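Since this is a predicted model, take the numbers as computed values, not measurements. Chain letters run A, B, ... following the sequence lines, proteins first, then strands; residues in each count from 1.
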Amino acid sequence: MNDLFLTASSSPHIRSKEDVSVIMRDVIIALVPAFACAVYFFGINALILIIISVLSAVIAEALIQKITKKPITINDWSAAVTGLLLAFNLPPSAPWWIAVIGSVFAILLVKHAFGGIGQNFMNPALAARAFLLASWPTKMTAGFVWPRAAADAVSSSTPLGMLHAADATGTATAEASATLAAVELPSYMDLFLGNVAGVIGETSALALLIGFAYLLYRGVISWRIPAIFIGTVGAMTFVFGSGGLFTGDGIFHILSGGLMLGAIFMATDYSSSPVTPRGQIIFALGCGILTSVIRLWGGYPEGVSYSILLMNVAAPLIDKYTTPKIYGEVKANA
Amino acid sequence: MEIKHATFHGGIHPSYFKEFTSHKALKEASAPTQVILPMQQNIGAPCEPIVKKGDFVKLGQKIGEPKGFVSAPVHASVSGKVIAVEPRLHPNGQKVLSIVIESDGKDTIHEDIKPYNSLEGISPKEIVNLIRDAGIVGLGGATFPTQVKLSPPPEKKIDAVIINGAECEPFLTADHRVMVEKADEVVLGLKAILKALNVEKGYIGIEDNKPDAIEAIKKVLGDDNNITIYSLHTKYPQGAEKQLIHAITGREVPSGGLPMDAGAVVQNVGTIVAIANAIKTGMPLVERVVTITGSAIKEPQNLLVRLGVPFSEIIEQCGGFSQNPGKIIMGGPMMGITQFSTEIPVIKGTSGILVLNEEEANIPDPTPCIRCGKCVEVCPINLLPLYISAYSLNEQYEKAEAYHALDCIECGSCSYICPSRRPLVPSIRLAKREIVAQKRKG
């Protein structure tokens, strides 16, 4: 027994089988229902944009790692997740090059310029979306179509856009309500299923909730950020209704726009959200309040992206001030 | 007698691999031809040899005299001739002064060894003394001298004696088999400690993956209302002292403090059975139960092994290696210590000999932290392992200390769960060492 080649190492000596690629693959699996809905409602162009976006993200990551002589980590699936989420944030009729530029921006500038996976201080897909929105505002806002529209359909407004326009035309509250009633807003059921205009991946609340359930089941994320984010928006938009206090349509706000996609898949981005339980609660409250403020009183119909990006920047500070109380912070028995 | 349920916050659910040995009855290992008894087998001060080369010693004879209060004597585990008193390789990786005895095969018992008739006949003070003289230390692996735990300063009021039968380390089944087969001794040992400390309430915590152990002890207890069995949720590290105390009493051991600061004394199952044996037979601690297991062991077993027997001999008795061993661990896979030789002796702290194959021994390459927060979720102390580790690797030890690095119990849950395979516990351990060194200097 003298010629043994033994490994000597520090404990523990066993490890869970779940590595980064398993987690990222789980995120992709959780996005499959929303992907299916996107292709069902918005057709072949959505599918093409998704494929282009994912491929651009993966290729951009491989290239930058090759150029900088770092290990190529595209098999951890994280670049694919970024590409997929970016595509989900594009209007269905956006041109193909928007997807390429967005993905490359997300991977190169937001992710790798700051040190790669785990180091980005903003959600790459959202930062890229903000960049695209600022650079090509018409391409990013005019491309909305209602699901399964005829080929010659013209661009249209999203449900939140309609609500915003209606709110803006009325000056007095009574007038606003009247205008609101005049606009044919989509039903809750259409919003829930996703049968409305919007960016590729955001419209179906049902599909996104299925993904949420899967992520919870697999332990990829906790309930805190999505539940508190969505709950805050629902409560605030209900309380501050256009017809006075407690007259708002919280359910409409929860089901429309990018809230579900943002709260479940973007605000929960590991790198750019707090790790402490209390920090996550504060972060989600902040996201919810900012989203509601932008939607209710801001110049944009939608505020999910910007509120998450703003809170992303605050995440390190939140972590710093929410260190949990440790076991043993008690007085000794004397 | 009642059974209660309890658990703690955090923790992990690894694969337990207990099926290798959990159903295998305790078996006495074959008599050794030679034993190597290191003079350091406990936390605290080492012993000084009181025999010399050429001396003849008997089984149970004291051969190492403790050199301090926090220490425990060492006894001969065979009768025979002392053939060497010299530094030998110890499971801690260093050479430690050891007494090597060649057995004469007779196991002649030393004349001082006499059974105490019953617990009623001995006073609390005598119980503490007999435990001290028997060289009993914490057999769960920490090897803290038991008599020290039983001699709290008068201002520390103890009102709970907890027996740790959680055995939450994967692979290990020594405590499990002891509870099933030696339930009488478990209860006798607990009663001895209750008497020694003049405490009324005793608790036995057992993970609920050992229903046969719970049943066996329940049967012995009958209608004794002073002792409560806690059926604990099977989760690692349920058997960590602080987590066990919290689960059972709801109290927390203060940061930097001892269990007695929370009014509790915790003893491992193996330890109290050693106490029971010392009362029943008078024999000091000269043997212990060891689980020999792992994928590279041909016939995994729970053996009753004399202290000082080399690992190689014990592994031979388990059929040897079934495949190339990659890692040999003393203890369990979560907190055990790797060995680089099999020519080291079984000591008081050897709860298991775990042999992993080459594939399992592979250390995965770490990738960057993705801040998933899983380490935060599982930490039973509520630490932020990712930050302590990052500061440690950056040599910012004061910041690591501000994040409570010194409170880490090194259970390994964070390293286990980390999807980026980061060396969390090793780096935190490094920070602890540096912080303590800095404090000594300053």
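- Contact annotation for A:Pro71: neither backbone nor side-chain heavy atoms come within less than 4.5 Å of a heavy atom of chain B.
- Considering all non-hydrogen atoms of both residues, A:Tyr327 and B:Pro380 come closest at CB-O, 4.1 Å.
- Evaluated for a side chain to side chain contact (heavy atoms under 4.5 Å, CB included) with B:Ser420, the options A:Val20, A:Ile117, A:Ile23 yield exactly one hit, A:Val20.
- Not counting sequence neighbours, B:Gln243 has no partner by the side chain to side chain donor-acceptor pair (under 3.5 Å) test.
- Residues B:Gln339 and A:Leu6 approach most closely at O-CD1, 3.6 Å, considering heavy atoms.
- Each of B:Pro426, B:Pro419, B:Gly10, B:Pro14 has some count of heavy-atom pairs under 4.5 Å with chain A, and the biggest count is that of B:Pro419.
- For the set B:Glu358, B:Glu410, B:Lys374, the entry with the most heavy-atom pairs within less than 4.5 Å of chain A is B:Lys374.
- Proximity to chain B is absent for every atom of A:Thr73, based on heavy atoms less than 4.5 angstrom apart.
- Ion pairing of A:Asp319 with B:Arg371 is present here, as a side-chain N (NZ or NE/NH1/NH2) and a carboxylate O approach within less than 4.0 Å.
- The residue among B:Leu383, B:Ile329, B:Asp407, B:Ile417 with the most heavy atom pairs within less than 4.5 Å of chain A is B:Ile329.
- Comparing A:Ser11, A:Ser222, A:Pro277 by how many heavy-atom pairs each has under 4.5 Å with chain B, the most go to A:Ser11.
- Of all residues in residues 208-219 of chain A, those placing a non-hydrogen atom less than 4.5 angstrom from a non-hydrogen atom of chain B are A:Gly219.
- Contact record, A:Ser9 with B:Lys327: OG-NZ, 2.7 Å, taken as the closest heavy-atom pair.
- For the set B:Leu258, B:Val376, B:Thr367, the count of heavy-atom pairs under 4.5 angstrom toward chain A peaks at B:Val376.
- With hydrogens and angles left out, the side-chain atoms of A:Ser16 and B:Arg421 include no donor and acceptor closer than 3.5 Å.
- Proximity of B:Phe340 to A:Thr7: side-chain heavy atoms (C-beta onward) are nowhere separated by under 4.5 Å.
- The side-chain heavy atoms of B:Asn382 and A:Lys325, taken from C-beta on, include no pair separated by under 4.5 Å.
- Here the side chains of A:Ser271 and B:Ile370 are not in contact, with every heavy-atom distance at 4.5 Å or above.
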